[in-house]
Protein chains: 2
Amino acid sequence: MTLRELKQQRVREQIVEAAFALYAERGFDKVSVTDIAERAQVGRTTFFRYFGDKQEVLFADEQTLVEMFAAGSDAPAPAPRDLAGALLQLWGLTYAKRDIVLGDKKLFPVRQRLIATVPELQDRSGRKMQRIADALEVALRGRGADPELALLAAQIGIACFRVALQTAGEDPEKVMPTMERVVRQVISTASPSA
Amino acid sequence: MTLRELKQQRVREQIVEAAFALYAERGFDKVSVTDIAERAQVGRTTFFRYFGDKQEVLFADEQTLVEMFAAGSDAPAPAPRDLAGALLQLWGLTYAKRDIVLGDKKLFPVRQRLIATVPELQDRSGRKMQRIADALEVALRGRGADPELALLAAQIGIACFRVALQTAGEDPEKVMPTMERVVRQVISTASPSA
DNA sequence: TTCCAAGTGGTACTCAGTACCGTACGGGAT
DNA sequence: ATCCCGTACGGTACTGAGTACCACTTGGAA
């Protein structure tokens, strides 16, 4: 890795760190981009070169997650017809690698608290989910699932993830186990009459 | 209805109409609040008295939808244990009444096109879904569903709705039938192995 | 060392959203 | 019909997000 790239990575981390700290201290809308730039020792302009807006800093891990699912679709499938199994396996593969925020015991609760209190962040979090759903759909299709089913399964996977996040609270360790439990619950209760 | 309320309703409609027209003509971010206010023959300040922000005009029907679900929970439940049935029935009750935008053949496609192209609007649309999910959850619990299951079922209901919207395209007439088809598909395919 | 490309940060601008205030008007009182 | 009060209106002014532009610096290759 060249010196240039190293510097950039450092700047990126400084900004994320500064933003999370300030958001946690004062709340999302009591922090201006200028504040973040100052604490991160960068120009205001530079902030916007690294992150599209004030919110994006919090979701810096989105791209990573999406790529992980994409990579996961190359992994050998255990039971190609079992959608729930494939979904859980993909999730497990991705989750094991950990992403920046989700893997960080400090950052994760801060973000969850912020999302819980700020409507715009709920919106934004939803977009992230949607992008993950898209990646998931592609991954499932890559594993030979029926296209229409893949779309549906991906959306349901996200629905489970939402429930898991809501149930797990602020502990990132609990998310994956809860996710697994919820998926199994879906499978067993979806058709009580059918 | 008093004269005052009549005027307010008229102003509200003027703003919605102006906004949809301008958004359709120029695209969401090429339209300023001032533009909308001018075409609607109101002051800029007044716009913000009726709608919290530029996006909210597009989702003016959110509150109505939520209230419809709330009202629907009072209706007699056909098969209290059949979650899928309850979900479909609630949806049918709500959909039959029609909301402002969803029921309007003109407005619906415009909104769908805008949402498809503008990321922030996707976010916002997601929030609407989430609020509907919340209302749905409450409604399901009101019908005697297990609380944890109600949360899950509501989320899955929304997942189906997303799929239905995506599949139905721009024709509001197709949404409900597609929704029904998708829900049935979930029931029949969720557990191929179980 | 020299030169080019890429990153930086400052200035200046537009526009969203909020606060405040004087004015106008609907609606209930006499 | 008139008066009065509360509410809605619209204008002014402000903060802060996000963008465009530009001059300056610096890493890296020749």
Side-chain angles (χ1 to χ4, degrees), chain A residues 1-20 22-23 25-60 62 114 117-125 127, chain B residues 1-20 22-23 25-60 62 114 117-125 127:
Chain A
M1 177 173 289
T2 135
L3 175 58
R4 234 190 185 117
E5 288 170 310
L6 262 175
K7 277 195 172 182
Q8 288 184 29
Q9 193 180 319
R10 211 172 302 147
V11 168
R12 201 183 160 81
E13 281 163 13
Q14 278 167 16
I15 294 177
V16 171
E17 200 173 329
F20 267 87
L22 286 171
Y23 287 160
E25 283 174 21
R26 296 186 223 162
F28 184 75
D29 23 336
K30 297 286 177 196
V31 177
S32 74
V33 172
T34 311
D35 295 335
I36 301 174
E38 270 175 14
R39 163 146 355 180
Q41 311 251 43
V42 248
R44 203 182 95 92
T45 317
T46 302
F47 175 92
F48 284 109
R49 251 185 223 107
Y50 281 83
F51 301 96
D53 57 36
K54 240 179 109 178
Q55 308 174 3
E56 200 172 315
V57 198
L58 288 169
F59 300 98
E62 179 179 310
L114 285 169
T117 47
V118 184
E120 311 124 71
L121 293 180
Q122 286 166 29
D123 296 0
R124 192 55 191 273
S125 164
R127 185 202 297 190
Chain B
M1 179 171 288
T2 138
L3 175 58
R4 227 186 190 123
E5 289 170 308
L6 262 174
K7 277 196 171 181
Q8 287 184 28
Q9 192 180 318
R10 212 171 303 148
V11 168
R12 200 183 160 82
E13 281 162 14
Q14 278 166 15
I15 294 178
V16 171
E17 200 173 329
F20 267 87
L22 287 172
Y23 288 161
E25 283 172 24
R26 295 186 224 161
F28 184 75
D29 24 338
K30 297 285 177 197
V31 177
S32 75
V33 172
T34 311
D35 295 335
I36 301 175
E38 271 174 13
R39 173 168 318 198
Q41 311 251 41
V42 260
R44 205 181 94 93
T45 319
T46 302
F47 175 93
F48 285 109
R49 250 183 223 108
Y50 282 82
F51 300 95
D53 56 38
K54 239 179 112 179
Q55 307 174 4
E56 201 172 315
V57 199
L58 288 169
F59 301 98
E62 179 179 311
L114 285 169
T117 46
V118 184
E120 310 124 71
L121 293 180
Q122 285 166 29
D123 297 359
R124 191 55 193 274
S125 164
R127 184 202 298 191

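So that the names make sense, note that chain A is the first sequence line, chain B the second, and so on, each numbered from 1. Because the structure is predicted, anything quoted here is derived from the model rather than measured.
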Task: A:I15 versus A:I36, closest heavy-atom pair with distance - done: O-CG2, 4.0 Å

Open item on the list: Can you tell whether the side chains of A:E120 and A:K54 come within less than 4.0 Å, N to carboxylate O?
Closed with: no

Open item on the list: Counting primed atoms plus P, OP1 and OP2 as sugar-phosphate and everything else as base, spell out the protein contacts along nucleotides 3-13 of chain C at 4.0 Å heavy-atom distance: B, S or - for each nucleotide, 5' to 3'.
Closed with: --BBSBBB---

Task: From A:L58 atom CG to A:Y23 atom OH, the distance as rounded to the nearest 0.5 Å - done: 5.5 Å

TODO: In whole angstrom, give the distance that lies between atom CZ of B:F48 and atom C1' of D:dT12.
DONE: 15 Å

Open item on the list: Without decimals, in angstroms, what is the distance between B:F51 CZ and C:dA16 C1'?
Closed with: 16 Å

Task: Of B:E5 and B:D53, the one whose closest DNA chain C nucleotide lies more 5' - done: B:D53

Open item on the list: Between B:E56 (side chain only) and B:G52 (backbone N and O only), is there a donor and an acceptor less than 3.5 Å apart?
Closed with: yes

Task: Option among A:V42, A:V57, A:T34 that satisfies the side-chain contact (heavy atoms from CB on, under 4.5 Å) test with A:F47 - done: A:V57

Open item on the list: To check you understand the geometry: which heavy-atom pair defines the closest contact between A:F51 and A:V16, and what is its length?
Closed with: CZ-CG2, 3.7 Å

- [ ] Identify, residue by residue, the members of residues 28-38 of chain A with a heavy atom below 4.0 Å from DNA chain C, and return them in order of residue number, or none.
- [x] none

Open item on the list: Using whole Å, what does the distance between atom P of nucleotide C:dA16 and atom CD of A:Q55 come to?
Closed with: 16 Å

Open item on the list: Could you tell me how far apart B:Q14 (CD) and D:dC9 (P) are, to the nearest whole angstrom?
Closed with: 11 Å

TODO: Return the value, rounded to whole Å, for the distance between atom CG of A:L121 and atom P of D:dA17.
DONE: 13 Å

- [ ] Give the rounded distance in Å between these two atoms: CZ of B:F47 and P of D:dG10.
- [x] 14 Å

Task: Reported CG-to-CD distance for the pair A:D123 and A:Q55, which is rounded to 0.5 angstrom - done: 7.5 Å

Task: Whole angstrom value for the distance that separates P of C:dC15 from NZ of B:K54 - done: 10 Å

- [ ] Send over the distance from B:E56 CD to C:dT18 P, rounded to a whole Å.
- [x] 10 Å

Task: Atom pair CD/CZ of A:Q8 and A:R12 - distance to nearest 0.5 Å - done: 10.0 Å

TODO: Measure the NZ-CG distance between A:K30 and A:L22 for me, rounded to the nearest 0.5 Å.
DONE: 14.0 Å

